[in-house]
Amino acid sequence: MDERRKKKLTYFTIGLLFLLSGVEYAVILPTIWRYLQTLDAAPYFLGLSLSAFSFSGLLSGPLFGHWSDRTRTTKKVILFANLFEVVGNFMYFMGFSKWLLLSSRLVAGIGSGAGSAIFGFLTRSTLPEDRATVFAAVMACRQAGLLIGPAFNIFLRLCDFHIGPFVVNKYTAPGLFMCALWILLQLVVVFMYWDLPPLERKKVKVEQEFHGSYGSVVLPNPDSNHISANTNHVSQPSSPTTESQESSSPFKNFSISREFLREEVVVLLAAQFITLFNQTALETMVTPLTQKFFGYGELENSVMYCLCGVEVIAGFFFVRWLSGRVAERVVLAIGLAICSISNVWCLIFLATPLAVSCRDYPWRLTEFIIGVFLQVLGLPFVAVAQVSLYSKVTAEKTQGFSQGVRRSVGGLATILGPLWAGGLTDNLYIMLGVMMGLLTLLSAMLAFSYKRLVEPVAEEEMNTSEDC
């Protein structure tokens, strides 16, 4: 099989993995609270169960990323991580007690750490100028899973039978369903995923300069690892010797403080934390507000989340197009501006108690829709830009570990965001005011560090260019 076909199948498998991660969230979330109630769980168990998944992913992400960097392989990492998804979802299906259900989400969350290794792999196998496009497509796959996930509950809620000692009903069926899907994904990874060699960026850079100077070299196709040329400068995968030398000591001379305490890295990690903190806080706030002020039930909220999912997917594809035409730091600034406008809008129109407002129902609903629309609109801009920039300002050899740190910061935000918003649905001025303060802080950090948010030029690349 040629390299181009291997690359397409590998990227398809990655997209499928992120699709399933979105489906799992969308399938389990609607029924987990009632499931816990059947097991006589206290209300705080809902928060514990949802946070457990993020907490274990927070810890496993850097470990899986470190493993991937050390071995320069991702396939084994994915296969091993997916076993936790399989076991965790089967434990969720068993459902003998509330503690087993809590443990099931903790175990399944370990498997989510494979995303760090995957983002590291994508960083090493794509050119910097193509990276935002690839990341946007991968993130859109997860959003697609969030969009289609609720559709599976239409038939899962009809389940009512036994498999041996296990009861299959509308509460346990999502666990069995996701367990089966993750097992099928294991087979897809085995037969359709390859550990592609990293691109030789120096050689590609030299070829592009030769093309610009002499017009004798055809630029490499982003979908392939080779070019057609009339010279001896042909882009090929790294030789086994070079690859083994790099994989033997990717963390040689590595310093955590030197890598992560640089100004531009701190700004991007802050962007990851603040945007996810605000997003999850608003997600926590929306459902109680719609129930209290508009009388929305499960159907209306499902339609609202479906429309938001469509908007997010469209946003990712727009950012995918835009990132090829403007700098990624510009995309980040645009997204941050949209999120700030959304927060100001919510402070002005939504923080006022709607039930006692003199505005009529259609106008109040319009204000709410505009606030949600703006918040959702800004997410793809910030998400794609910050992960792409982060992959460029951190070392490529330790990209898996670095992406694990980034995802851990995001995991911490997804734990703290709902905890912050959960107790403040009746004090929106405080909740939204703190969120606005965080966005203001991030905007100031971005303004002061704007010029540093560019891809650093490696010293060896400069030397190679001078030799040419």
Side-chain angles (χ1 to χ4, degrees), residues 25 29 32-33 43-51 53-55 58 146 269-296 300-301 304-305 307-308 311-312 335-359 361 363-383 386 409-446:
Y25 183 85
L29 185 64
I32 188 172
W33 170 231
Y44 67 84
F45 254 82
L46 175 61
L48 287 178
S49 300
L50 295 177
S51 299
F53 187 89
S54 298
F55 178 74
L58 179 154
L146 292 172
L269 289 178
Q272 169 83 347
F273 179 86
I274 291 173
T275 53
L276 281 179
F277 179 89
N278 287 2
Q279 176 191 348
T280 53
L282 287 172
E283 286 176 354
T284 305
M285 174 194 74
V286 162
T287 303
L289 284 184
T290 57
Q291 181 182 18
K292 183 177 181 179
F293 299 129
F294 304 119
Y296 281 5
E300 292 85 354
N301 283 326
M304 178 184 66
Y305 281 117
L307 293 175
C308 288
E311 181 188 355
V312 170
L336 188 56
I338 295 174
C339 290
S340 298
I341 293 172
S342 169
N343 217 274
V344 171
W345 179 276
C346 292
L347 269 172
I348 295 174
F349 294 105
L350 300 186
T352 303
L354 299 181
V356 299
S357 172
C358 62
R359 300 187 295 275
Y361 179 87
W363 180 242
R364 286 186 280 123
L365 181 60
T366 301
E367 293 171 348
F368 177 80
I369 290 174
I370 292 175
V372 173
F373 174 82
L374 289 174
Q375 177 64 29
V376 173
L377 180 63
L379 292 178
F381 290 84
V382 179
Q386 61 92 6
V409 170
L412 182 63
T414 60
I415 293 173
L416 297 179
L419 293 177
W420 168 254
L424 292 172
T425 53
D426 294 326
N427 298 280
L428 295 184
Y429 275 117
I430 298 176
M431 189 188 84
L432 293 171
V434 169
M435 292 166 57
M436 190 67 236
L438 291 174
L439 285 172
T440 303
L441 173 63
L442 180 57
S443 299
M445 294 172 67
L446 178 63

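Values in this document were obtained by computation on a predicted structure and should not be read as measured data.
Taking CH2 from Trp345 and CD1 from Ile370, the interatomic distance works out to 4.0 Å, rounded to the nearest 0.5 Å. From Ile338, atom CD1 reaches atom CZ of Phe373 across 8.5 Å, with rounding to the nearest 0.5 Å. We find the CG-CG distance between Leu379 and Leu276 to be 8.5 Å, quoted to the nearest 0.5 Å.
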Stepwise side chain to side chain contact (heavy atoms under 4.5 Å, CB included) test for Leu282 and Met435: CA-CA 10 Å; Leu282 287 172; Met435 292 166 57; 3.5 Å; yes
Ile32 and Phe45: CA distance, side-chain angles, deciding distance, side chain to side chain contact (heavy atoms under 4.5 Å, CB included) verdict: CA-CA 10 Å; Ile32 188 172; Phe45 254 82; over 6 Å; no
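Counting only distance, with no hydrogens or angles, the side chain of Ser54 and the backbone of Ser51 share no donor-acceptor pair below 3.5 Å.
Counting only heavy atoms from C-beta outward, the side chains of Leu29 and Leu50 approach each other to under 4.5 Å. Residues Leu442 and Leu438 fail the side-chain proximity criterion, which asks for heavy atoms closer than 4.5 Å.
Residue Leu412 is tested with Thr414, Val409, Leu416 for a side-chain contact (heavy atoms from CB on, under 4.5 Å); the sole match is Leu416.
Residues satisfying the ring pair (Phe, Tyr, Trp, His ring centres under 6.0 Å) test with Phe55, not counting sequence neighbours, are none. Taking Phe273 as the reference, Phe277 meet the ring pair (Phe, Tyr, Trp, His ring centres under 6.0 Å) condition, with sequence neighbours excluded. Every residue meeting the side-chain hydrogen bond (donor to acceptor under 3.5 Å, both in side chains) condition with Ser342, not counting sequence neighbours, appears here in chain and number order: Gln375. Looking at residues two or more places apart in sequence or on another chain, you find a side-chain contact (heavy atoms from CB on, under 4.5 Å) between Leu439 and Ile274, Asn278, Leu336, Cys339, Ser340, Asn343, Met436. Take Val376 and apply the side-chain contact (heavy atoms from CB on, under 4.5 Å) test, not counting sequence neighbours, and it matches Cys308, Glu311, Val312, Val372. Here Leu48 pairs with Tyr44, Leu102 under the side-chain contact (heavy atoms from CB on, under 4.5 Å) rule; sequence neighbours left out.
Taking each heavy atom of Ala271 and Gln386 in turn, the nearest pair found is CB-CB, 4.4 Å. Thr280 and Pro418 make their closest contact through OG1-CD, 3.6 Å (heavy atoms, listed as atom of the first residue, atom of the second, distance). The minimum heavy-atom distance linking Gly433 with Leu347 is given by the pair N-CD2, 4.0 Å. When every heavy atom of Gly371 is checked against every heavy atom of Cys346, the shortest pair comes out as CA-SG, 4.2 Å.
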